[in-house]
2 protein chains.
Amino acid sequence: MSKASHLKDIGLKATGPRLTILELFENSETRHLSAEDIYRKLLSDEVDIGLATIYRVLTQFEQAGILVRHHFESGKAVYELNQGGHHDHMVCVGCGTVTEFFDPEIERLQERIAKQHGFAIQDHSLYLYGECAECQSRRAPGKR
Amino acid sequence: MSKASHLKDIGLKATGPRLTILELFENSETRHLSAEDIYRKLLSDEVDIGLATIYRVLTQFEQAGILVRHHFESGKAVYELNQGGHHDHMVCVGCGTVTEFFDPEIERLQERIAKQHGFAIQDHSLYLYGECAECQSRRAPGKR
DNA sequence: AGCCTTTATGATACAGAGAATCACCGCACC
DNA sequence: GGTGCGGTGATTCTCTGTATCATAAAGGCT
């Protein structure tokens, strides 16, 4: 299915900005992008899309399930392509790198805890913050 | 140890606003308070503390380890008394109630995953969002 | 107690992320 | 080829939270 018809299927016109932003996610090295990231990236590519449009499109894509939104500690929201599999995130406080992981055991334990409290989970967020291997050795070479 | 000397020990003068805010946390029904919550609570108690002061004091208390800060999905930061034991949170999207829990197994698994990636955890945040038992039965009485 | 230095306070201005507004544009449909 | 309607982008607004700065209050000292 083409990108254009994919957008139409969810009730959104296949406009220039929307296709551009979608392609940006598909071609980006870094999976996780903030509105600002996208804005600046497009500016440097000589593509002029207003910041308001970017926020709008990101929100629409999130509601349509094309993107998933995360709030890391930075305070600003980042988005990534929704490729089906749920996963959690490990964020390096040194370089900002985001590593994804999935642990079925943790998922199961969360469900068990919720059940114990009569709580119906709709969503959850698990972020590990710390230092990645590269940043550790950069900071203390020789060690470890 | 008195509250006043506790504050002095961490290098903070025992001023009115600081003692008031500390007592508010100790006497509050709801463990988790935002700056706004505190501001409005104090206003209704005829205590006039500037919002700037509240933000400052909260930040200082967090740095001193007296309070712990959380970012739920609401976007605004909430604080709770740091009473030693780490725990995670379950937030009801219906009524906003926050339930605390601790699962040593989940903690252990997080550490294992980090180690597998050579990642040194400094901190983590785990929030479960969903509907609490009360809200479920309120929405669909009779069911479940 | 009274002085004096330091720190805290509160009003206000500012900053940054993101949402709302609104005139204009352009595509789809008649 | 008009016309209607959703989409766009410039701008304004809102909401948290921070920085500024003149004034006030703590706490040490005598």
Side-chain angles (χ1 to χ4, degrees), chain A residues 2-24 32-43 45-64 66-79 96, chain B residues 2-24 32-43 45-64 66-79 96:
Chain A
S2 80
K3 275 158 215 151
S5 52
H6 184 190
L7 287 179
K8 277 187 224 147
D9 286 353
I10 56 180
L12 296 175
K13 281 190 186 172
T15 63
R18 296 213 256 246
L19 291 172
T20 305
I21 292 174
L22 191 49
E23 277 164 27
L24 199 160
H32 302 83
L33 298 171
S34 70
E36 268 289 315
D37 292 340
I38 295 170
Y39 185 62
R40 276 203 294 275
K41 190 89 175 19
L42 292 179
L43 270 191
D45 291 358
E46 315 256 304
V47 183
D48 205 347
I49 296 182
L51 200 45
T53 301
I54 295 177
Y55 277 111
R56 249 182 323 227
V57 171
L58 289 176
T59 306
Q60 291 161 343
F61 282 5
E62 191 206 351
Q63 268 156 13
I66 300 177
L67 296 177
V68 181
R69 179 163 63 156
H70 299 287
H71 274 100
F72 299 151
E73 279 205 338
S74 66
K76 54 171 76 170
V78 297
Y79 293 82
Chain B
S2 82
K3 277 158 213 150
S5 52
H6 183 189
L7 287 180
K8 276 187 227 152
D9 286 352
I10 56 180
L12 297 174
K13 284 186 183 175
T15 63
R18 297 214 256 246
L19 291 171
T20 305
I21 292 174
L22 191 49
E23 275 163 27
L24 200 160
H32 301 83
L33 299 171
S34 69
E36 268 291 315
D37 291 341
I38 295 170
Y39 184 62
R40 277 202 296 273
K41 188 88 174 23
L42 293 178
L43 270 191
D45 292 358
E46 315 255 306
V47 183
D48 206 347
I49 296 183
L51 201 43
T53 302
I54 295 176
Y55 277 109
R56 249 181 324 226
V57 171
L58 289 176
T59 307
Q60 291 160 344
F61 282 5
E62 192 207 350
Q63 269 157 12
I66 300 176
L67 297 177
V68 181
R69 179 163 63 156
H70 300 286
H71 274 100
F72 298 152
E73 278 207 339
S74 66
K76 55 172 75 169
V78 297
Y79 293 81

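Just so it is clear, the structure is predicted and the values come from calculations on it, not from any experiment. Every chain is numbered from 1, with letters handed out A, B, ... down the list of sequences.
When the P atom of dT8(D) is taken as reference, atom CD1 of I21(A) falls 8 Å away, rounded to whole Å. To the nearest angstrom, C1' of dT11(D) lies 12 Å from CG of L51(A). Atom pair I38(B):CD1 and dG17(D):C1' shows a separation of 14 Å (rounding to whole Å applied). Rounded to whole angstrom, the span from the CD1 atom of I54(B) across to the P atom of dG10(C) amounts to 9 Å. Atom P of nucleotide dA17(C) and atom CG of D37(A) are separated by 10 Å, given to the nearest angstrom. Protein atom NE2 of H70(A) is 18 Å distant from nucleotide atom C1' of dG18(C), rounded to whole Å. Separating the CG atom of L19(B) from the P atom of dT9(C) is a distance of 10 Å, rounded to the nearest angstrom. The separation between L43(B) atom CG and dG10(C) atom P is 12 Å, rounded to whole Å.
In this structure, CZ in F61(B) is found 6.5 Å from CD1 in I10(B), a value given to the nearest 0.5 Å.
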query = Run the side chain to side chain contact (heavy atoms under 4.5 Å, CB included) check on E36(A) and L51(A) step by step: do they pass?
reply = CA-CA 8 Å; E36(A) 268 289 315; L51(A) 200 45; 3.9 Å; yes
request  = Determine, step by step, whether F72(A) and V78(A) satisfy the side chain to side chain contact (heavy atoms under 4.5 Å, CB included) criterion, reporting the C-alpha distance in whole Å, the side-chain angles of both residues, the deciding distance to 0.1 Å, and the verdict.
outcome  = CA-CA 8 Å; F72(A) 299 151; V78(A) 297; 3.6 Å; yes
request  = Dump the intermediate steps for side chain to side chain contact (heavy atoms under 4.5 Å, CB included) on L12(A) and Q60(A), then the final yes or no.
outcome  = CA-CA 9 Å; L12(A) 296 175; Q60(A) 291 161 343; 4.2 Å; yes
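When the nucleotides dT16(D), dG9(D), dG18(C) are ranked by their closest atom to the side chain of K76(B), dT16(D) comes out on top. Of the candidate nucleotides dG18(C), dG9(D), dG17(D), dG9(D) has the atom lying nearest to any side-chain atom of P17(A).
Taking the C1' atoms of five terminal pairs at each end of the helix from dA1(C)-dT30(D) to dC30(C)-dG1(D), the two resulting helix axes are inclined by 20°, rounded to 10°.
The backbone N or O of E62(B) lies less than 3.5 Å from no partner atom in the side chain of R69(B), so there is not a single donor-acceptor pair.
Judged purely by distance below 3.5 Å, without hydrogens or angles, the side chains of R56(A) and T59(A) never pair a donor atom with an acceptor atom.
When all heavy atoms of H32(B) and D37(B) are compared, the closest pair comes out as O-OD2, 4.2 Å. The shortest heavy-atom contact between I49(A) and Y39(A) is O-CE1, 3.3 Å. Considering every non-hydrogen atom in both A14(B) and L7(B), the closest pair reads CA-CD1, 4.0 Å.
OP1 and OP2 of dA19(C) both lie 4.0 Å or more from every side-chain N or O belonging to Y55(A).
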remark   = B/S/- along nucleotides 20-30 of chain D (protein heavy atoms under 4.0 Å) is B-----BS---
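Contact annotation for I49(A): backbone-only contact, meaning every heavy-atom pair under 4.0 Å involves sugar-phosphate atoms and none involves a base.
Of the residues near DNA chain C, E36(A) and T53(B), the one whose nearest nucleotide (by heavy atom distance) lies more toward the 5' end is T53(B).
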